[in-house]
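Fair warning: this is a prediction, and the values are worked out from it, not measured in the lab.
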Amino acid sequence: MTNLTAWYQGRSLRERRLILIMLALLVVTILWAGIIRPVRDGLESTRERHARAEVRLGEVQRQVAQVKAIQRGRPRAPEGPLVDAIRTRADEAGFSLSSLEPEGNNVRIGIATAKPGALLGWIAGLEHDGLLVDASTITGNGDGTVSATLTLKGREA
């Protein structure tokens, strides 16, 4: 260590500054290549796996709803007010309704943010439970989620 110190002290001021800059850049490079980049890549791959898992979850939930519908026979229209049935199903699925407006025999709902796979699985479940989608508008939010406006009606409506 004393040899290194003596060597460093033997350099001119300009050389010492360049050596310090070089060492600082070396530390930044090691931090970037050894810590920041691997963590960022790991987070990115985790996000991708999570998105694929959500899509698979929506597909499985849709398939489970289909199996349940087959087991029950032809789905019936929901009992009670259509608005209450929709609100209950949305709460059970974890969706926050931004709007819920009855329109005659139909109900128009708005969902501000939802994962696409989960939303489509929920819609399939509604149809298998006797709530039909009369009209829908689904738009991307740009962050991997979608917003939806749906007009729903009962099967016998």
S.K.: Using side-chain contact (heavy atoms from CB on, under 4.5 Å) as the criterion, list what pairs up with Ser98, not counting sequence neighbours.
M.R.: Ala112

S.K.: List the residues meeting side chain to side chain donor-acceptor pair (under 3.5 Å) with Ser45, not counting sequence neighbours, and say none if there are none.
M.R.: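 Scan of Ser45 (side chain to side chain donor-acceptor pair (under 3.5 Å), adjacent residues dropped) gives none.
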
S.K.: Go through the structure and list residues passing side-chain contact (heavy atoms from CB on, under 4.5 Å) with Ser96, not counting sequence neighbours.
M.R.: none

S.K.: Using side chain to side chain donor-acceptor pair (under 3.5 Å) as the criterion, list what pairs up with Asp143, not counting sequence neighbours.
M.R.: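 So Asp143 forms a side chain to side chain donor-acceptor pair (under 3.5 Å) with Thr145.
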
S.K.: Between side-chain atoms of residues 2-9 and protein atoms elsewhere (two or more places apart, or another chain), which donor-acceptor pairs fall under 3.5 Å?
M.R.:
{"from": "Thr5", "atom 1": "OG1", "to": "Met1", "atom 2": "O", "distance (Å)": "3.0"}

S.K.: Mind checking what makes salt bridge (Lys or Arg N to Asp or Glu O under 4.0 Å) contact with Arg52, not counting sequence neighbours?
M.R.: none

S.K.: Using salt bridge (Lys or Arg N to Asp or Glu O under 4.0 Å) as the criterion, list what pairs up with Asp134, not counting sequence neighbours.
M.R.: Lys153

S.K.: Pairs under 3.5 angstrom only: tabulate donor-acceptor contacts from the side chains of residues 12-28 to other protein residues two or more places apart or in another chain.
M.R.:
{"from": "Ser12", "atom 1": "OG", "to": "Glu15", "atom 2": "N", "distance (Å)": "3.3"}
{"from": "Glu15", "atom 1": "OE1", "to": "Ser12", "atom 2": "N", "distance (Å)": "3.1"}
{"from": "Arg16", "atom 1": "NE", "to": "Arg11", "atom 2": "O", "distance (Å)": "3.4"}

S.K.: What residues, two or more places apart in sequence or in another chain, satisfy side-chain contact (heavy atoms from CB on, under 4.5 Å) together with Arg37?
M.R.: Trp32, Arg40, Asp41

S.K.: Listing request: all ring-ring contact (aromatic ring centres under 6.0 Å, His included) pairs with a residue in residues 92-115, at least two apart in sequence or in separate chains.
M.R.: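 Every pair satisfying ring-ring contact (aromatic ring centres under 6.0 Å, His included) with a residue in residues 92-115: Phe95-Trp122.
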
S.K.: In chain order, what residues pass the side chain to side chain donor-acceptor pair (under 3.5 Å) check against Arg49, with sequence neighbours excluded?
M.R.: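 So Arg49 forms a side chain to side chain donor-acceptor pair (under 3.5 Å) with Thr46.
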
S.K.: Quick one: list whatever passes side-chain contact (heavy atoms from CB on, under 4.5 Å) with Val64, sequence neighbours left out.
M.R.: Val60, Lys68

